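Quick caveat, the model's predicted, so the values are computed rather than measured. In what follows, residues are counted from 1 in the order of the sequence shown.
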Amino acid sequence: MHTILLVDDERLELDTLQNFVPWPDMGFEIVGTAKNGKEALAKIGELLPDIVITDVKMPIMDGIEFATIARGLLPHLKIVFLSGHDDFLYVKSALHVEAMGYLLKPLDMGELRSLMEKVKLRCAEEQRVKLSSRALAIQYIKDLLNEKDEAVQKSKADEILSLKLELLISETGKFTFSLITIDEYAALSRYVADGPAAILRIEKEIERLAIGHGALIVSLNERQHLAISANEPTDNVMPWYRELGSLSQWVTLCAHPQPAKLERLSDLFRVLMDMRDRHVFLYGAGHLIVADELAEQASLSAASFAERTPSVDSLHANIRQGKPQEAAVWLRDYFSSLIEGAGMSIEPIEQACLRLLDQIYGEHVAAHLGIKEKMEDKAALIGKLAVIESVPYMEQTIRKTVLKLIERIAEQETDKHAVTVGQLKKLIAEQYAQPLTIEYLAERVFMSPNYLRTIFKEHTGSTVLEYVTQVRMEHASNMLRNSALKIHEISLKVGYENPSHFCAIFLKRIGLTPNQYRKQTLRL
């Protein structure tokens with residue numbers, strides 16, 4: 001519905017207009033009232049109505065003066081005048097401020113309906129033009145972001161402003177630019193329980209806040225949005241962070257502190273991106289940043305990890321002795337040292353994490369009977385680490401793995417079937433490339449097939465076949481990461497004669513095809 005602000009100094013007239021005219025039936029909504037032009041001016045900035053119906057003669061500020069100022073503030077505002085006098089001067093003044101119409105009191109309902117139908121048609125037409133201009137402006141802004149030639153930047157900026165989009169009208173010719181990102185988007189969408197729902201809520205909130213704060217949102221992709229506003233940063237995106245509430249833990253708002261001309265957008269956008277990436281990388285998701293392009297960049301040492309990182313032997317001892325708090329402290333110190341040694345690149349830290357995982361799984365998971373199937377598959381964990389964009393989230397992921405490992409080891413020590421299941425696992429580890437039947441395996445550990453199935457399931461949570469598949473997929477993953485063997489060669493080496501069957505099982509188990517997994521891990 002189109003929104004209306006009613007202005008009249010006579011309370012009875014105002015009440016009649018508000019309550020006895022069937023506005024909803026005509027497609028309109030009354031969003032506010034005012035008793036004079038001065039009060040109405042204060043309300044239009046807050047309510048942003050589409051239409052104002054105002055009396056002409058009022059105290060303090062009459063309708064003509066109010067309409068002149070209001071149209072300057074909101075160029076697309078539709079004005080309808082009311083008067084008890086059919087005076088030519090009033091009509092002439094109404095035409096001067098481009099009013100939609102002039103109605104005499106007492107109102108004739110037929111005339112009112114007829115005029116408001118014209119107003120509605122004009123609003124609809126302007127809305128179509130506005131949407132078209134908005135889409136064009138957004139596309140031009142995206143083009144401007146990638147433009148490096150200064151002369152072309154100025155030309156494109158002038159072209160955008162020539163569209164006269166209401167949100168891009170600035171008295172100073174300058175705008176505030178802010179980058180809004182959904183942090184840890186890949187991890188949030190894949191690995192956090194309510195992540196996809198949170199992403200949808202964030203997107204809706206960004207749209208709502210942009211409307212409420214008079215900003216143009218340019219969506220660059222599913223996780224990056226650019227906000228452009230004629231307001232100062234403190235009036236623009238600063239309040240957004242508070243209004244996002246709990247969702248702010250996944251959102252970074254990075255605003256440039258000084259308004260600038262549109263042709264500077266390309267350069268300023270790079271400043272915003274660099275500042276945002278630095279904060280998220282070092283401190284995790286969810287920040288409110290004022291990006292100063294002249295701010296001193298932190299000087300991070302490039303010393304080797306070997307000189308800075310604490311000895312991994314201490315972590316192994318904490319895991320063996322069942323000390324979760326000590327292990328968590330070790331990991332905190334470990335990641336702090338990685339940040340100091342890695343500069344602003346996340347790749348060395350990813351590689352260090354992979355080495356640490358290899359050591360943890362090699363030292364503890366493989367060495368303890370019945371642990372492997374109770375832990376997250378290492379290949380899947382590597383896939384998760386590959387999409388994380390911040391050091392704190394990496395530390396959190398590794399810490400959860402280590403704490404879970406300590407719990408599982410403690411549980412394993414009291415399991416009476418550990419030896420039998422361990423023997424079976426050792427047998428599978430040695431012969432995974434051969435055809436393995438439950439009858440053959442049961443015979444080797446001196447049990448009936450049914451009883452073996454039962455204790456293995458109780459002990460590991462998976463069937464014998466599932467465990468065999470897991471072992472084969474782990475070996476396949478290792479070959480994909482560390483060898484140049486072709487897919488069909490790896491398939492044979494892990495016990496699958498049919499490469500297509502192997503690829504289907506790998507995709508179901510890991511979430512990636514063998515080729516996709518190889519390409520992703522090579523990037524690390």
Side-chain angles (χ1 to χ4, degrees), residues 1-130 164 166-167 169 171 211-214 230:
M1 287 190 177
H2 302 292
T3 57
I4 298 176
L5 174 67
L6 299 174
V7 188
D8 200 312
D9 63 317
E10 295 183 17
R11 172 49 58 186
L12 183 60
E13 295 283 354
L14 198 59
D15 184 64
T16 300
L17 275 173
Q18 183 176 8
N19 299 309
F20 295 97
V21 175
W23 297 111
D25 295 344
M26 294 189 288
F28 299 96
E29 177 188 2
I30 304 300
V31 292
T33 63
K35 59 181 179 292
N36 57 57
K38 185 177 180 180
E39 183 180 325
L41 279 180
K43 289 192 174 183
I44 63 169
E46 174 188 352
L47 300 174
L48 300 176
D50 301 313
I51 305 151
V52 170
I53 299 178
T54 178
D55 192 8
V56 174
K57 295 187 69 176
M58 295 181 294
I60 305 178
M61 180 186 290
D62 67 24
I64 300 297
E65 183 182 358
F66 156 71
T68 302
I69 299 173
R71 285 297 302 275
L73 297 173
L74 298 177
H76 297 292
L77 187 65
K78 308 295 177 294
I79 307 291
V80 173
F81 284 115
L82 301 173
S83 177
H85 306 280
D86 189 4
D87 190 309
F88 175 73
L89 291 177
Y90 288 152
V91 175
K92 185 177 179 181
S93 298
L95 293 174
H96 183 70
V97 295
E98 299 179 2
M100 287 294 300
Y102 189 96
L103 295 171
L104 290 176
K105 298 179 182 179
L107 287 178
D108 180 280
M109 192 56 66
E111 290 182 2
L112 176 63
R113 285 182 178 275
S114 177
L115 177 57
M116 295 311 294
E117 190 63 30
K118 288 171 52 181
V119 172
K120 188 160 59 174
L121 290 173
R122 176 73 67 84
C123 287
E125 178 60 29
E126 289 188 359
Q127 182 66 19
R128 284 193 292 270
V129 173
K130 186 185 296 185
K164 298 188 182 302
E166 188 171 343
L167 293 174
I169 295 176
E171 293 182 2
I211 294 172
H213 291 272

- Does the salt bridge (charged side-chain N to carboxylate O under 4.0 Å, His left out) test come out yes or no for D50 and K120, once each step is laid out? CA-CA 10 Å; D50 301 313; K120 188 160 59 174; over 6 Å; no

- Message: One pair to check against side-chain contact (heavy atoms from CB on, under 4.5 Å): H2 and F28. What are the steps and the verdict?
- Response: CA-CA 5 Å; H2 302 292; F28 299 96; 3.8 Å; yes

- Message: So, using side chain to side chain donor-acceptor pair (under 3.5 Å) as the criterion, who are the partners of D15 when residues are at least two apart?
- Response: N19

- Value rounded to 0.5 Å, distance of CD in E117 from CZ in R122: 13.5 Å

- K57 bridged to D8 by N-O distance under 4.0 Å: no

- Item | Minimum heavy-atom distance between R113 and P22, given as atom pair plus value | NH2-CG, 3.4 Å

- Note on the structure: Shortest non-hydrogen pair, T33 vs K43, comes out as O-NZ, 2.5 Å

- Message: Distance check, rounded to the nearest 0.5 Å: M109 atom CE versus S114 atom OG?
- Response: 13.0 Å

- Does the pair L17 and L107 meet the rule for a side-chain contact (heavy atoms from CB on, under 4.5 Å), with working shown? CA-CA 9 Å; L17 275 173; L107 287 178; 3.4 Å; yes

- side-chain contact (heavy atoms from CB on, under 4.5 Å) between L48 and L74: does it pass, once the steps are laid out? CA-CA 8 Å; L48 300 176; L74 298 177; 4.1 Å; yes

- Message: Between K35 and R11 (side chain of the first, backbone of the second, donor and acceptor by atom type, cut-off under 3.5 Å), is there such a pair?
- Response: no

- Query: What are the two closest non-hydrogen atoms of I44 and A70, and how far apart are they?
  - Reply: CD1-CB, 3.8 Å

- Task: Determine, stepwise, if the pair D55 / F81 fulfils side-chain contact (heavy atoms from CB on, under 4.5 Å).
- Result: CA-CA 6 Å; D55 192 8; F81 284 115; over 6 Å; no

- So which heavy atom on W23 is nearest to which on Q18, and how close? CD1-O, 4.0 Å

